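Basis for what follows: all heavy atoms, side chains included, without hydrogens, waters or symmetry-related copies. Just so it is clear, the model here is predicted, and its values are computed rather than measured.
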Amino acid sequence: RVVAASGTISDGWATYQPDQDLSVTVLGQSCVITWSFLDMEEEQTRCAYDFVELRVGTSALGKWCGTNKPPTYRLSGNGFTIRMKSDNVVQKGGFTLSYQCS
């Protein structure tokens, strides 16, 4: 799914679904991303089971799980992609972020 300008991105559920693989690409030159919620299955070393990932082009800026919200990101360039992936064992509350691009 590709979106533009500003809005909210979420996994879309009160508890995210098993075996979910969601990618959202936002187009914009200058974007601010603010996370309001993160509750993913925690795995200390690599977030191997369930995670949310932020990418700009082919570069991963971060991959998160657990409940510690990522920092606010200020990006310049051609937008970004958010990917959320879950396994089929434990499901948690998911994630929500807002973004504003110009």
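- Taking the side chain to side chain contact (heavy atoms under 4.5 Å, CB included) definition, one finds that Asn68 meets it with nothing, sequence neighbours left out.
- By the side chain to side chain contact (heavy atoms under 4.5 Å, CB included) test, Asp87 is found to be paired with Glu41, Tyr49, Asp50, Val89, residues two or more places apart in sequence or in another chain being considered.
- Residues Val56 and Asn78 are not in side-chain contact: their nearest non-hydrogen atoms beyond the backbone lie 4.5 Å or more apart.
- Side-chain contact annotation: Thr96 with Ser36, donor-acceptor N/O pair under 3.5 Å absent.
- No side-chain heavy atom of Trp64 sits less than 4.5 Å from a side-chain heavy atom of Lys69.
- Here disulfide bond (SG atoms under 2.5 Å apart) pairs that include residues 35-66, with residues two or more places apart or in two chains, are Cys47-Cys65.
- Taking 4.5 Å as the limit, some side-chain heavy atom of Tyr73 sits within range of a side-chain heavy atom of Leu54.
- The pair Lys85-Asp19 fails the salt-bridge criterion, with no side-chain N (NZ, NE, NH1 or NH2) lying under 4.0 Å from an Asp/Glu carboxylate O.
- Scanning both residues, Trp35 and Val52, for their nearest heavy atoms gives CH2-CG1, 3.5 Å.
- Residue Glu43 comes nearest to Ala48 through the heavy atom pair OE1-N, 2.9 Å, listed as atom of the first residue, atom of the second, then distance.
- Under the 4.5 Å side-chain criterion, counting only non-hydrogen atoms from C-beta, Glu42 is not in contact with Lys92.
- Using a 4.5 Å cut-off on side-chain heavy atoms (C-beta onward), Leu61 and Glu53 make no contact.
- Listed by chain and number, the residues in a side chain to side chain contact (heavy atoms under 4.5 Å, CB included) with Thr72 are Val32, Thr34 (sequence neighbours excluded).
- Applying the salt bridge (Lys or Arg N to Asp or Glu O under 4.0 Å) rule to pairs touching residues 5-15 yields nothing, sequence neighbours excluded.
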Review point. What do the steps show when you test Met84 against Tyr16 for side chain to side chain contact (heavy atoms under 4.5 Å, CB included), and what is the final call?
Key: CA-CA 10 Å; Met84 181 265 191; Tyr16 57 82; 3.2 Å; yes
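- Contact annotation: the side chain of Arg55 never approaches that of Arg83 to less than 4.5 Å [non-hydrogen atoms, C-beta and beyond].
- Taking 4.5 Å as the limit, some side-chain heavy atom of Leu38 sits within range of a side-chain heavy atom of Pro70.
- Between the CD atom of Gln17 and the OG atom of Ser86 there is a distance of 8.0 Å, given to the nearest 0.5 Å.
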Review point. What's the verdict on side chain to side chain contact (heavy atoms under 4.5 Å, CB included) for Val26 and Ile9, showing C-alpha distance, side-chain angles and the deciding distance?
Key: CA-CA 10 Å; Val26 174; Ile9 301 173; 3.8 Å; yes
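- By the 4.5 Å heavy-atom criterion applied to side chains, Tyr99 and Cys31 are not counted as neighbours.
- Here Phe37 is tied to no hydrophobic group at all, with no ILVMFWY side chain closer than 4.5 Å.
- Atoms CD1 and SG, from Ile33 and Cys101 in turn, are 7.0 Å apart once rounded to the nearest 0.5 Å.
- Side chains of Gln100 and Ser98: no donor on one and acceptor on the other come within 3.5 Å.
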Review point. Going through the distances and angles, do Phe95 and Leu22 end up as a side chain to side chain contact (heavy atoms under 4.5 Å, CB included)?
Key: CA-CA 12 Å; Phe95 77 98; Leu22 165 75; 4.3 Å; yes
